[in-house]
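This report refers to the structure that appears directly beneath it.
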Protein chains: 2
Amino acid sequence: MKNNIRVERAILNISQAELAERVQVTRQTINAIELGKYSPSAVLAMKIARVFGKKVEEVFELEDTD
Amino acid sequence: MKNNIRVERAILNISQAELAERVQVTRQTINAIELGKYSPSAVLAMKIARVFGKKVEEVFELEDTD
DNA sequence: ATATTGTGTAAAATATACTTTACATTATGT
DNA sequence: ACATAATGTAAAGTATATTTTACACAATAT
């Protein structure tokens, strides 16, 4: 699963810590997801997309390996 | 997290077992998610929405408790 | 009436997401 | 140069998703 969290954060100009706070997870969780270390739950993916004013599919992309 | 999997399945006229097969999980997993026993991973949510030709947000809805 | 298909459920096991604490490194501001 | 903010990482623990096996019941078809 790929994602553009970094880009979307840059557009909003918010840190990983601030995004984490807005979606109620730890900064490490945002960091891990952003770096593709693991993929989030649907709930978290929807919350993140919502912060960015985007659809889930605009922030996250399925890969062939998913 | 709420969902309209049952309705979308009815529109496509496919069983839980067939949906499960199409998204590569077990029938029990589809059943549990459909009944709201737990919410899926983002990967699974995206796969399910894709089968229905819908966006994730059109199939799943965040609740206040999420 | 009987076979078959679809659905609900449950317990135990495994995999994965997420937290907590803590430290190291990189970038940015003054 | 120094302070501070932002990011990367790691290990251990907890929570949750998913699988496997198995059974019960309801609906549908023959």
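So that the names make sense, note that chain A is the first sequence line, chain B the second, and so on, each numbered from 1.
For the segment residues 5-29 of chain B, the set of residues with a heavy atom within less than 4.0 Å of an atom of DNA chain D comprises B/Q24, B/V25, B/T26, B/R27, B/Q28, B/T29, in numerical order. Heavy-atom distances under 4.0 Å link DNA chain D to B/I33, B/Y38, B/S39, B/P40, B/S41, B/L44 of residues 32-54 of chain B, given in residue order.
Closest non-hydrogen pair, B/V51 versus B/L12, comes out as O-CD1, 3.7 Å. Smallest separation of non-hydrogen atoms from A/V43 and B/S39: CG2-OG, 3.8 Å.
The shortest side-chain heavy-atom distance between A/R9 and A/F52 falls under the 4.5 Å cut-off. Using a 4.5 Å cut-off on side-chain heavy atoms (C-beta onward), A/F60 and A/P40 make contact. At a threshold of 4.5 Å between non-hydrogen side-chain atoms, the residues B/R50 and A/L62 count as touching. Residues B/M46 and A/E61 fail the side-chain proximity criterion, which asks for heavy atoms closer than 4.5 Å. Under the 4.5 Å side-chain criterion, counting only non-hydrogen atoms from C-beta, A/E57 is in contact with B/V56.
Within a 6.0 Å sphere centred on CD of B/E58, other residues, nucleotides and ligands contribute more than 12 heavy atoms.
For the OP1/OP2 pair of D/dG8 and a distance below 4.0 Å, the side-chain nitrogens and oxygens of A/N31 include at least one atom meeting the criterion.
Remark: side-chain polar atoms of B/N3 are paired, donor with acceptor, to backbone N or O of B/I33 under 3.5 angstrom. With hydrogens and angles disregarded, a donor-acceptor distance shorter than 3.5 Å links the side chain of A/K47 to the backbone of B/D66.
Separating the CD1 atom of A/I30 from the P atom of D/dG8 is a distance of 12 Å, rounded to the nearest angstrom. One atom, CG of B/D66, and another, C1' of C/dC18, lie 15 Å apart when rounded to the nearest Å.
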Nucleotide N/O to protein N/O under 3.5 Å, stretch nucleotides 25-27 of chain C:
none

